[in-house]
Amino acid sequence: MASGNADTPHKAYIAASLFATQTGDIEARRKELRFTMHKKITCVSYKNFMDEFLPEAGSDSETRGEPSKTFLSSVAYHLRPRKKQLPPSKALARKQPPQNPFKGMEAASSERDMYTKITAALNAANPCVGYDFVPTPHKGDPSADTKQAVDCGMYPTDIAKTLKLRGKDSFGRMAWSWVEIAIECKMNNVNDDPFDENFESHEPNAENRRHVLGQVLSYAEYIFNHQQRTFQYMLLFLGDFARIVRIDRAGIFATEKFNYRKPYGGRVTEFLHRYGALSHVGRGHDMTAVRLDPKSNDAEEMRARVKDLGEDDYVGALFKKQLREDWPWWKLEVPDELTGQTRRYLVGKPHFQAPGVAGRATRGYVALEAEPTEGQTARFVYLKDAWRVVSDDIDKEGTVLQELHQHNVKFIPTLVCHGDIFGQRTQTQDVWPKYHKGKECPLKTHQHYRLVVEEVGKPLEEFANGHELVAAFLCCVKAHSQAYEHGIIHRDISAGNMLLWRDPNRGGWQGLLNDWELSKHLEQRQAEGRQPDRTGTWQFMSANALDDHAKPIDIQDELESCFHVLLYLAVRFLPHNIEDANVPRFLRDYFDDHLPHDDGFGCGLVKSRAMTEGRIRLAAYNKKEQGAPRYLRFYYPKDPDDSSPRRIHPLDGIIATLLSWFSAYYTLDRDDEGSTTSDDTGPNEESPTDSNRLSPVPLGTTTDPLSGETSNRKHEPIPQVPPETLKHLADNLSTHQPMIKLLLDTLTETRWPKSDRRLEDLRPKKWKLELDQVPKGSKAAKGSKISRDSKAPAKGSKVSSLSKASTGSKRSSRDAGNAEASPSTKRRKR
């Protein structure tokens, strides 16, 4: 097992998170990929690389990772040998000295020239029987969320023929789900090299080289996401030089840079020849995942199952949504540790896909039983696929669910089966110590793991109204409380892990606290962390956890994360006093924002200030005029023409009360006064009837928040509150019961509006933060002209740049003010 602190299984993504407000920023996502791969890259000699990962035929390492026959299904149709492809045994026997296919190749004059010449040379040499090399630099894969495309790739021969595009060049269309080996070409062997052995981390410092590393990682992420791979190889051509790269969920190994034209051109051929001689498992394919032929019986069964769905069949609707024809469908095997048997499930596109290359890479599927019990209809279940961290401190999620159910914990998923996939464990962390003598390995061991549960929930954001939101939220807090009472802490509270689930016996919707893979027993938590990784989902992590990367997650952090989830959904869907147009900016500032730290990023100012002040300022999000609301409030829905005073929403009291508790806690924590943390040896929960734990009037309000009536709330700065009052408020976070009582009392003792959910989600699907401080001008009305009174400057006189912009034929609409953009400007805009 690799060393290193397992208390921090992954680094939290910001831009790539499903909950990020600003989307589509490829560069930001690539920076995060680089950050999560920091200190996980090793460059070695070509010989050492080949000996470690692609040894010669006959070596004991040749079949490393080959699973037992118990876990193998029939070979997926895309991996079956083609007419031209030799079985691995015959290919091994056909060993021949490596040849240099680039020996007579003329030097490329551009990257475009490299695409054509390199793929032509490799196809002529045919080093990997049954595969062709195709340049795909420009046409993206239509199934991907962006139009990124790697320059070239090695594809199965029959697939390669379908990628060719009509036109004067021989370039093809990118297909992430079919590419066997990605190939990236760059002209400069120094400035475009994504690795740099001059630095201890083998990571580059130059900005352009860092950009290329992010590019390489982005392509690797796409291949992992579209395929079922345990690891992958990549070829980098850098001018006259090349590198061979191996990537798994633990890190990267790459060869030294070598001249592939001369004298080391045979190295590329030797690598591809050895690669072609390996079994499918040896090439990094997961043989417990069978890709389905679109015309197979299994594929037809999947279509038939959702052909005539009932109006209320939300689970069937979720499964149908995953059956995209441009995405591969799979039959996945799940070993059942409880019975020793293997179960099989049919899936389409993942319902959820965690970002990243290194790490757990969690995927979630709404799955259909492939082999139902005789006489019964195949049922839908939820299947989770992840590369879990192997650690004595972290139990398998299925084991945690078993334990929780033994303690009769409510509002959690019901385990069907779970188990590790035999032979599928990362290798990078095992090889790393050989090339870093005397150093502690920072890499974690990741084991491929699958889990199936009975319940298929839907996102909490699909709540019908505010009452249903808070009721489901209460269920999740209760689940967390009951687990904590039995010594287990969740450690990954997020809007994605709180679900709505309809109980078939009761008929109504309730909350379900999902995803216990990062949970820990309280006695297993370590006093401090060693690495700048952080458990959790960035948008919902506590301010303390974001700022202190070594801090163990405790009950106050978890309750704060619960608060952030509630606030996040309320601002998106319930009525409040933030101007609609500025809600995306608020969501970005509160939940996504981050400040640079020496070892990563820390909490943004808006969230941090809310936690310390006990109020959420709106000055930056509303009009700067007299009487504009200064602090966040939630209201009953109201007709725009209604001039009567707005009625305070019941949720407003919940938010205000919780903010007062957090503000008191952070003030005491900052001043180092009092003790407000729970005993690490185990929780000491109080009875829900102990109302003394709950402050009857929250700090900063003039009326009881449970009344739901209009109030003129006045916020007093927290430092002016007596210490004993601060401690009383902060103590409400030392157990779950005050929050449970607050939620329950507000749900049962207050009138809630029936239809308070907005029709429109105020978090747009596509939004980008505008950094330009100069507002863009509006277009002039059609037919408007510049005033005839404006006189042209006298001949020879100097004209200001502003005048030129206003009178020139190539002015932009923004610079021209009210003037209509010229035809040339309009063409440029398109």
Side-chain angles (χ1 to χ4, degrees), residues 394-415 418 451 453-455 457 460 469-503 505-506 508-525 535-536 540 542 552-563 565-566 654 658 661 677-691 693-694 731-748:
I394 302 178
D395 292 330
K396 298 173 185 176
E397 184 175 4
T399 303
V400 174
L401 289 178
Q402 284 180 277
E403 181 178 349
L404 292 176
H405 276 285
Q406 288 172 358
H407 292 301
N408 202 30
V409 175
K410 306 297 184 184
F411 309 118
I412 62 170
T414 305
L415 178 68
H418 76 116
L451 164 108
V453 296
E454 286 184 11
E455 294 83 359
L460 184 56
L469 167 64
V470 176
F473 181 78
L474 173 60
C475 293
C476 296
V477 176
K478 285 183 175 180
H480 193 281
S481 172
Q482 293 170 20
Y484 191 80
E485 183 179 349
H486 294 288
I488 296 176
I489 187 168
H490 189 279
R491 303 198 317 143
D492 190 19
I493 298 296
S494 75
N497 294 341
M498 291 183 173
L499 304 176
L500 284 168
W501 176 68
R502 187 164 55 200
D503 188 339
N505 299 319
R506 301 172 58 186
W509 291 97
Q510 64 183 41
L512 193 75
L513 185 56
N514 195 31
D515 289 337
W516 292 81
E517 63 182 305
L518 296 184
S519 64
K520 273 194 171 185
H521 285 83
L522 294 175
E523 66 271 15
Q524 291 176 328
R525 293 181 302 168
T535 300
F540 310 109
S542 72
I553 301 299
D554 57 28
I555 185 174
Q556 287 86 357
D557 296 305
E558 296 280 79
L559 293 178
E560 184 183 330
S561 291
C562 291
F563 168 82
V565 170
L566 184 62
I654 295 175
L658 295 177
W661 297 352
T677 59
S678 58
D679 186 355
D680 280 347
T681 61
N684 183 20
E685 296 286 294
E686 302 240 1
S687 168
T689 59
D690 184 4
S691 59
R693 302 291 296 176
L694 176 67
D731 279 349
N732 288 307
L733 299 173
S734 62
T735 76
H736 295 78
Q737 298 312 320
M739 180 179 283
I740 290 174
K741 186 179 189 306
L742 171 65
L743 297 171
L744 187 60
D745 287 351
T746 311
L747 285 168
T748 58

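Quick caveat, the model's predicted, so the values are computed rather than measured.
- A heavy-atom distance below 4.5 Å is not found between the side chains of Leu415 and His405.
- The two atoms that bring Gly496 and Leu499 nearest to each other are O-CD2, 3.6 Å, heavy atoms only.
- One finds the CG atom of Leu469 at 14.0 Å from the CH2 atom of Trp509 (value rounded to the nearest 0.5 Å).
- A 4.5 Å side-chain heavy-atom check between Thr746 and Val470 finds every atom pair outside the cut-off.
- In this structure, Leu474 CG and Ile654 CD1 are separated by 9.5 Å, a value rounded to the nearest 0.5 Å.
- Between Thr748 and Leu744, the shortest heavy-atom distance links the atoms OG1-O, 2.8 Å.
- In this structure, Arg491 CZ and Ile394 CD1 are separated by 6.0 Å, a value rounded to the nearest 0.5 Å.
- The side-chain heavy atoms of Leu733 and Phe563, taken from C-beta on, include no pair separated by under 4.5 Å.
- In plain terms, the two heavy atoms of Ala472 and Leu460 that are nearest each other are CB-CD1, 3.7 Å.
- Between the side chain of Glu558 and the backbone N or O of Ile553, no donor-acceptor pair lies under 3.5 Å.
- Within the 4.5 Å cutoff, the side chain of Asp492 has no heavy atoms near those of the Glu517 side chain.
- Side-chain contact between Pro738 and Trp661 is present, with heavy atoms from C-beta onward closer than 4.5 Å.
- Cys562 pairs by the side chain to side chain contact (heavy atoms under 4.5 Å, CB included) definition with Phe473, Val477, Ile493, Met498, not counting sequence neighbours.
- Residues His486 and Leu404 have side chains not in contact (no heavy-atom distance under 4.5 Å, counting atoms from C-beta outward).
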Audit row: His418, Thr399, side chain to side chain contact (heavy atoms under 4.5 Å, CB included) steps and yes/no: CA-CA 9 Å; His418 76 116; Thr399 303; 3.7 Å; yes
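- Nearest approach of Cys475 to Gln510, heavy atoms of both residues: SG-CB, 4.1 Å.
- Residue Cys476 holds its SG atom at 9.5 Å from CG of Asn514, rounded to the nearest 0.5 Å.
- In this structure the side chain of Asn408 never reaches within 4.5 angstrom of the side chain of Gln482, judged on heavy atoms.
- Taking all atoms of both residues into account, the shortest heavy-atom contact from His490 to Asp515 is NE2-O, 2.9 Å.
- Looking at heavy atoms from C-beta onward, Ile488 lies out of side-chain contact with His407 at the 4.5 angstrom threshold.
- To the nearest 0.5 Å, the span separating CD1 on Ile555 from NE2 on His480 amounts to 7.5 Å.
- Atoms CG and OH, from Asp554 and Tyr484 in turn, are 7.0 Å apart once rounded to the nearest 0.5 Å.
- Residues Trp516 and Pro413 share a closest heavy-atom pair of NE1-CD, 4.3 Å.
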